[in-house]
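Here's the structure we're looking at; comments come further down.
First the proteins, then the strands, lettered A, B, ... as listed; each starts at 1. Since this is a predicted model, take the numbers as computed values, not measurements.
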2 protein chains.
Amino acid sequence: MNQALPAPTPPGATLEHLRARCATCSMHQLCLPMGLDMADMDRLDRIIGRRRKVARGGTLFRIGAPFGSLYAIRLGHFKTYQLNPDGAEQITGFQMAGELLGMDAISTDRHHCNAIALEDSEVCEIPFASLQQLLVDMPALLRHFHRMMSQEITREQGVMLLLGNMQATQRFAAFIVNLSSRYEARGYSPNSFQLRMSREEIGNYLGLTIESISRLLSKFKKEGLLRVSNREIELLNPARLKAITAGTQTCG
Amino acid sequence: MNQALPAPTPPGATLEHLRARCATCSMHQLCLPMGLDMADMDRLDRIIGRRRKVARGGTLFRIGAPFGSLYAIRLGHFKTYQLNPDGAEQITGFQMAGELLGMDAISTDRHHCNAIALEDSEVCEIPFASLQQLLVDMPALLRHFHRMMSQEITREQGVMLLLGNMQATQRFAAFIVNLSSRYEARGYSPNSFQLRMSREEIGNYLGLTIESISRLLSKFKKEGLLRVSNREIELLNPARLKAITAGTQTCG
DNA sequence: CGTAGTATTGAATGCGGTCAAGGCTGGTGG
DNA sequence: CCACCAGCCTTGACCGCATTCAATACTACG
């Protein structure tokens, strides 16, 4: 937990901030501080409550819990899900480093979904009251915050398209391609990565059953589109996967 | 188009503003000016570019068009839809008076969906650049704007739940109940209203076919849940409809 | 090595889609 | 007034995709 030999601390920065500052975070070009100068980034750093660790399977927030903060993922992966009145889960998204959690809670001051870590993860807690004050002073931050909320709206519209209009094969291809591009944006290989979620979670998200996902994986494997080993995925023909996503015929 | 006898114009207000101001708009308790005092409402009024009429079937904005303004619906109904790469439509929402259109465009400065009037409608054009300046000065407006964006996120999550988790009967019941509550919030009867959209549009939105919608309407009619005449709908057993929405068994 | 959770595969079923025919409604024009 | 037409809706019969049910295999972990 504690460093044996703390590095010299520049004025105004606590040890905590030294360990994890926006400026030194690899996600700062995707996350909330995008486009801020050093001074503004520093101001943002100072309102961040704490860097919180969430163990695999741990809960970041729960439906109905009072809303106080947004959370920027520093490291790891999360899922968010809603509950049907009858208790069934619907996963509404898988979030990765650089993405913001909790924006759906602003409307009612209560969280509307559960957020669970898919692996050991770390988030930056951003108290919303403090953020609001900062937004007034920092037009660039205001603008980017609005972009991030808007992006979430757009993302969800894409899922609606997927769930409302696409066949199983198309949905699954779109899912893989989406993950691929997000890893690419983060500097990882777009063609080789690990699924952080179970088959069941993928199926739930895509409105399909676990068996369907399993069959689709086998099918794509057989067609030479993917190499699959447990949760390790390799895209052997990304262009073709994109074509399937786009609705081009899946056979041949 | 023009009034024969213009009323006396108070200082700072144009004729246009006189005819349609936030303060006198029946939607101001739901719309962007919610909770503003008269002075602030007036400032908001002054940035509103114009009140624009859109005829039934007319386009408010198109996918790819540059984003300049948000639109508050003053009167009428709209649908928004996305396009599959293969050209298929997916309706992502039906919007009514007091709701805000165009928030998905903030992220990329381009619209991500088409917005079409379902009947002769009127919107208030809110130039986004001007709105941003106002947000800095008016904390209440900033807060409510964030609430409205957040609400849109929450709404879409609800649709994801519907599309990903519910059966046809449940989806359709949820759709009717949702409309009902929105009309109620606007002071209209929750149990008797007109559908502004075709069966085909309902089906598209719910991820079902027009035939399924027709069959579901007949089924609900037969079960004494609805009275239906063309697009006129009467809810005869709202409680039961809500129960179906909640996943309670649909038979018996 | 045993167990629990997770994933794969096969066979049968059923919900909602597809295809097809016909009805209703509202508008237009003879 | 009625005839006609186009768009929208309803209903029926059949079909197919994804689910359900069931059995088995794999993997991680003690």
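A:R171 places a side-chain N or O within donor-acceptor distance of the main-chain N or O of A:L163, the cut-off being under 3.5 Å. A donor-acceptor contact shorter than 3.5 Å is absent between the side chain of B:S229 and the backbone of B:E232. The backbone N or O of A:L208 lies less than 3.5 Å from no partner atom in the side chain of A:S212, so there is not a single donor-acceptor pair. For B:T59 (side chain) and B:F61 (main-chain N/O), no donor-acceptor pair under 3.5 Å exists by modelled atom type.
Between A:R56 atom CZ and C:dT6 atom C1' the separation is 11 Å, expressed in whole Å. One atom, CD1 of B:I210, and another, C1' of C:dT18, lie 13 Å apart when rounded to the nearest Å. What separates CD of B:E200 from C1' of D:dC9 is a distance of 11 Å, to the nearest Å. Atom CG in A:L206 sits roughly 12 Å away from atom P in D:dA18 (whole-Å rounding). Per the geometry, CD belonging to B:E201 stands 9 Å off P belonging to D:dC9, to the nearest Å. If you take CD1 of A:I213 and P of C:dT6, they are 16 Å apart, rounded to a whole angstrom.
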Check: protein-nucleotides 13-16 of chain C nitrogen or oxygen pairs below 3.5 Å:
from   : atom 1 : to     : atom 2 : distance (Å)
C:dG16 : OP1    : B:A168 : N      : 2.9

Got a list of protein N/O to nucleotides 12-14 of chain D N/O distances below 3.5 Å?
from   : atom 1 : to     : atom 2 : distance (Å)
D:dG12 : N7     : B:R215 : NH1    : 2.9
D:dG12 : O6     : B:R215 : NH2    : 3.4

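In this structure, CD in B:Q95 is found 11.0 Å from NZ in B:K79, a value given to the nearest 0.5 Å. Within the model, atoms OG1 of A:T154 and CG of B:D104 stand 5.0 Å from one another, a figure rounded to the nearest 0.5 Å.
The bend of the helix from C:dC1-D:dG30 to C:dG30-D:dC1, defined by the angle between the axes of its first five and last five pairs, stands at 30° to the nearest 10°.
A side chain to side chain donor-acceptor pair (under 3.5 Å) with A:R155 holds for exactly one of A:Q151, A:Q157, A:E152; it is A:E152. Tested against A:H77, the residues A:R56, A:E119, A:Q194, A:E99 include a single side chain to side chain donor-acceptor pair (under 3.5 Å) partner, A:E119.
Relative ring orientation between A:H111 and A:F67 is described as perpendicular, the plane-to-plane angle rising above 60° on a 0-90° scale split at 30° and 60°. The aromatic rings of B:F175 and B:F94 sit perpendicular to each other, their planes meeting at more than 60°, with 30° as the lower class boundary.
Residues A:T92 and A:Q82 have side chains that never bring a donor and an acceptor to within less than 3.5 angstrom of each other.
Counting non-hydrogen atoms under 4.0 angstrom, B:S214 reaches a base of the nucleic acid. Among the atoms of the strands shown, only primed sugar atoms or phosphate atoms (P, OP1, OP2) are found under 4.0 Å from some heavy atom of B:R231.
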